[in-house]
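Down below is the structure, laid out as structure tokens.
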Amino acid sequence: MTLAGRVRSMLVEALELYRDSPRATNWLRRHVDRLDEPLRVAVVGLASTGRSTLVNALVGEEIAPLLVEDGGQVLTWYRAGRSPRAQLYPTQAPPRDVPAAKVDHQLHIDLEGWQAQNLDRIVVDWPNRVLRDSTLIDTPALESTPDVGSRVSMDADAVLYLMRHLHETDLGFLRSIQDHPIARETPVNALVVLSRADEVGGGRIDALTSARRIARRYRGDPALASLCQNVVAVSGLLAATGATMTAEEFDALRELAAAPRQDLESCLFSTDRFAGESAPVRVDARTRVALLDRFGLFGVRLATTLVRQGHASAGDLATDLVARSGVLELRESLAQCFTDRHDVLKARSALLAMEVVLRREPRPAARALVDALEGVVTSAHEFRELRLLAALHGGRTTLPDPLAGEARRLVGGNGTALPARLGLVGEPSGQELHGAVADALLRWREQAENHALGHGQRRAARVVVRSCEGMYTRLSRY
């Protein structure tokens, strides 16, 4: 039985055991239902880290942030829906619908009269392909709302944590979401985003390359690597603007790129110069201010450089800006660590919820369930695969080539389907699958006993062996 199947059975058993406790049964039923929902991914960070901008970048539309009348922000859930719809959840009243509409790929919602202190959350249904796999939760800045961390731990299955530089505050939050016995055993639900990567890299034309080097260095930081699956550098503004760039914006960028190089470079020295009335370019100041708001100074500089280099259409430029932003790498990491493993992360959330009930309402009849929960947490191979992927990616575990790439593939780094794990393309026959599994199992059993490798490397090889053994149980599907 899969991890998800075992956890579902345990939840059903717990429901029967606690049928006389309304509070426990409501809590457990909620988490049984969550097993069948899309993965919940919270976007979290301190002020000015670009949380809402990253939500827009991932979705490819301008839907965040939603600000209430006092300028505050509350937890906002964005989930897939057939048409735009918004529900408010007041702290002291039943949920209610509010007008919402999609205009020019933007979300328009009426929040007049509402203040942050009076709302628990906002839930937005939005027709978007990305949201079919993951419900995104845009959160207020960590320092603005004291209970954001606890709400994230309770409501989300996974976390995108945004930071500009690594500080103790960042490590403190990542530790806090693992501040639970089960969470500490399975720290597999966080990705760190080095956000506003164009600024991290100093705003130069090669800033994103510099930011990626910094992200690679952070992956190897022992304090950070033990708390997350990966570190990715992203310019959310560049990605979001590239995905939503208009023809008028492209025309303005092309006009800027046609200016004498010295004139354009002089006014791109600072935002004040670029937005000023005396800038030596033919694009009017109002349009330049709008470009700054949408692209940022770095984005304008990069976009005009790319136009000079031959990007002759809005589509070509938009595609290149999105590719350079780092959001594609983030989406790949999201798929590898989160959405492809949604059943594992949903099961993890259910285990955390079950432990809360067993701890708060202990009873002798629950002893077997307590033992079963502890056994699942310590022995579930799915968690070991995710930990090994993070260790390989961050450099905490190294294997000689070509073993490193094969290990990453066999434990699901390129996808969890059997052909992807085995490196087979197309629709391989059952015989091909059996042969590939047998070859991999033999090879990795040898590596697990290879004393030329270090202890940690042999331990990694044993995880790969277990993954290969598990593939045999799946071969009946092919």
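FYI, the numbering just counts along the sequence from 1.
- Considering all non-hydrogen atoms of both residues, Leu386 and Arg341 come closest at CD2-CG, 3.8 Å.
- Looking only at atom types and distance, the side chain of Arg196 has no donor-acceptor partner in the side chain of Ser48 under 3.5 Å away.
- In this structure, the side chains of Ile182 and Leu373 come closer than 4.5 Å at one or more pairs of heavy atoms.
- Checking side-chain atoms of Gln229 against main-chain N and O of Leu191 turns up no donor-acceptor pair under 3.5 Å.
- Within 6.0 Å of CD on Glu332 lie no more than 12 heavy atoms contributed by other residues, nucleotides or ligands.
- Between Arg254 and Asp251, at least one side-chain N (NZ, or NE/NH1/NH2) sits under 4.0 Å from a carboxylate O, which counts as a salt bridge.
- Atom CD of Glu143 has more than 12 heavy atoms from other residues, nucleotides or ligands within 6.0 Å.
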TODO: List the steps, then state whether side chain to side chain contact (heavy atoms under 4.5 Å, CB included) holds for Leu208 with Leu238.
DONE: CA-CA 11 Å; Leu208 296 175; Leu238 193 65; 3.8 Å; yes

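- Distance alone, capped at 3.5 Å, is enough to place a donor-acceptor pair between the Ser144 side chain and the Ala141 backbone.
- Here the closest heavy-atom approach between residue Leu194 and residue Ala211 is recorded as CD2-O, 3.6 Å.
- At least one donor-acceptor pair under 3.5 Å links the side chain of Arg19 to the backbone N or O of Glu16.
- Residue Tyr161 comes nearest to Leu174 through the heavy atom pair CB-CD2, 4.0 Å, listed as atom of the first residue, atom of the second, then distance.
- Between Tyr89 and Val123, the closest heavy-atom pair is CE1-CG2, 3.6 Å.
- Arg34 has no carboxylate O lying under 4.0 Å from a charged side-chain N of Glu37, or vice versa, which leaves the two without a salt bridge.
- A distance-only check finds a donor-acceptor pair linking the side chain of Glu249 to the backbone of Thr246 [under 3.5 Å].
- Here the SG atom belonging to Cys228 is positioned 11.0 Å from the CG atom belonging to Leu160, to the nearest 0.5 angstrom.
- Atom CZ of Arg23 is surrounded by 12 or fewer heavy atoms from other residues, nucleotides or ligands within 6.0 Å.
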TODO: Show your reasoning for whether side chain to side chain contact (heavy atoms under 4.5 Å, CB included) applies to Leu317 and Val307.
DONE: CA-CA 7 Å; Leu317 179 60; Val307 170; 4.0 Å; yes

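- Under the 4.5 Å side-chain criterion, counting only non-hydrogen atoms from C-beta, Arg294 is in contact with Thr244.
- For the pair Leu410 and Met471, the minimum side-chain heavy-atom distance is below 4.5 Å.
- Relative ring orientation between Trp27 and His31 is described as tilted, the plane-to-plane angle lying within the 30° to 60° band.
- Using modelled atom types, no side-chain atom of Asp170 and backbone atom of Met163 make a donor-acceptor pair closer than 3.5 Å.
- Counting only heavy atoms from C-beta outward, the side chains of Thr186 and Val344 never approach each other to under 4.5 Å.
- Inspection of the Glu355 and His180 side chains reveals an N or O donor paired with an N or O acceptor under 3.5 Å.
- Within the 4.5 Å cutoff, no side-chain heavy atoms of Ser195 are placed close to those of Leu54.
- Using a distance-only test at 3.5 Å, with no hydrogens or angles considered, a donor-acceptor pair links the side chain of Lys346 to the main chain of Pro38.
- In this structure, SG in Cys468 is found 7.5 Å from CG in Leu422, a value given to the nearest 0.5 Å.
- With hydrogens and angles ignored, the 3.5 Å screen pairs no side-chain donor or acceptor of Ser333 with any backbone N or O of Glu329.
- Among all heavy-atom pairs drawn from Arg331 and Leu58, the shortest one is NH2-O, 3.1 Å.
- Atom CD of Glu168 sits in a crowded spot, with more than 12 heavy atoms from other residues, nucleotides or ligands closer than 6.0 Å.
- Of the possible polar contacts, one joining the Asn56 side chain to the Ala64 backbone as a donor-acceptor pair under 3.5 Å is found.
- Note on Asp36 versus Arg8: salt bridge recorded, some NZ/NE/NH1/NH2 to OD/OE distance being below 4.0 Å.
- For the pair Asp157 and Arg348, the salt-bridge criterion is not met [side-chain N within less than 4.0 Å of a carboxylate O].
- Distance check: Glu69 CD to Gln115 CD gives 6.5 Å after rounding to the nearest 0.5 Å.
- The cationic group of Arg121 lies under 6.0 Å from the six-membered ring centre of Trp77 and within 45° of the ring axis, placing it in a cation-pi geometry.
- Expressed to the nearest 0.5 Å, how far CD of Glu199 lies from CG of Leu297 amounts to 10.0 Å.
- Within the 4.5 Å cutoff, the side chain of Val98 has no heavy atoms near those of the Ile122 side chain.
- Between the side chain of Arg219 and the backbone N or O of Val232, no donor-acceptor pair lies under 3.5 Å.
- Distance check, rounded to the nearest 0.5 Å: CZ of Arg474 to CG of Leu418 gives 4.5 Å.
- A pairwise comparison of heavy atoms in Met10 and Val376 identifies SD-CG2, 3.9 Å as the closest pair.
- With respect to the salt-bridge test (charged N to carboxylate O, under 4.0 angstrom), the residues Arg204 and Asp198 do not qualify.
- Side chains of Arg6 and Ser9: a donor-acceptor N/O pair is absent below 3.5 angstrom, by distance only.
- Within the 4.5 Å cutoff, side-chain heavy atoms of Pro428 are placed close to those of Leu433.
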Task: CA sep, side-chain torsions, deciding dist, call: Gln87, Asp125, side chain to side chain donor-acceptor pair (under 3.5 Å) - done: CA-CA 9 Å; Gln87 269 196 318; Asp125 293 339; over 6 Å; no

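- When each of Asp97, Leu111, Val74 is checked for a side chain to side chain contact (heavy atoms under 4.5 Å, CB included) with Leu88, only Leu111 meets the rule.
- A side-chain hydrogen bond (donor to acceptor under 3.5 Å, both in side chains) with His311 holds for exactly one of Thr304, Asp320, Thr305, Asp316; it is Asp320.
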Result block: side-chain N/O donor-acceptor pairs under 3.5 angstrom for residues 129-139, not counting sequence neighbours:
unit_1	atom_1	unit_2	atom_2	d
Asp138	OD2	Ser52	OG	2.6
Asp138	OD2	Gln73	NE2	3.0
Thr139	OG1	Val43	O	2.8

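- Defined by atom type and a distance below 3.5 Å, a donor-acceptor pair is present between the side-chain atoms of Ser467 and His381.
- Listed for the Ser176 side chain is a donor-acceptor partner under 3.5 Å among the backbone atoms of Phe173.
- The pair Glu185-Arg387 fails the salt-bridge criterion, with no side-chain N (NZ, NE, NH1 or NH2) lying under 4.0 Å from an Asp/Glu carboxylate O.
- To the nearest 0.5 Å, atom CG of residue Asp221 and atom CG of residue Leu171 are 7.0 Å apart.
- Within a 6.0 Å radius of NE2 in His342, other residues, nucleotides and ligands contribute 12 heavy atoms or fewer.
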- [ ] Using the side chain to side chain contact (heavy atoms under 4.5 Å, CB included) rule, take Asp343 and Leu3 through it: C-alpha gap first, then chi angles, then the decisive distance, then the call.
- [x] CA-CA 8 Å; Asp343 55 340; Leu3 173 63; over 6 Å; no

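- No side-chain heavy atom of Leu389 sits under 4.5 Å from any side-chain heavy atom of Asn230.
- In this structure, Arg151 pairs ionically with Asp120, as a charged nitrogen and a carboxylate oxygen lie closer than 4.0 Å.
- No more than 12 heavy atoms of other residues, nucleotides or ligands sit less than 6.0 Å from atom CZ of Arg286.
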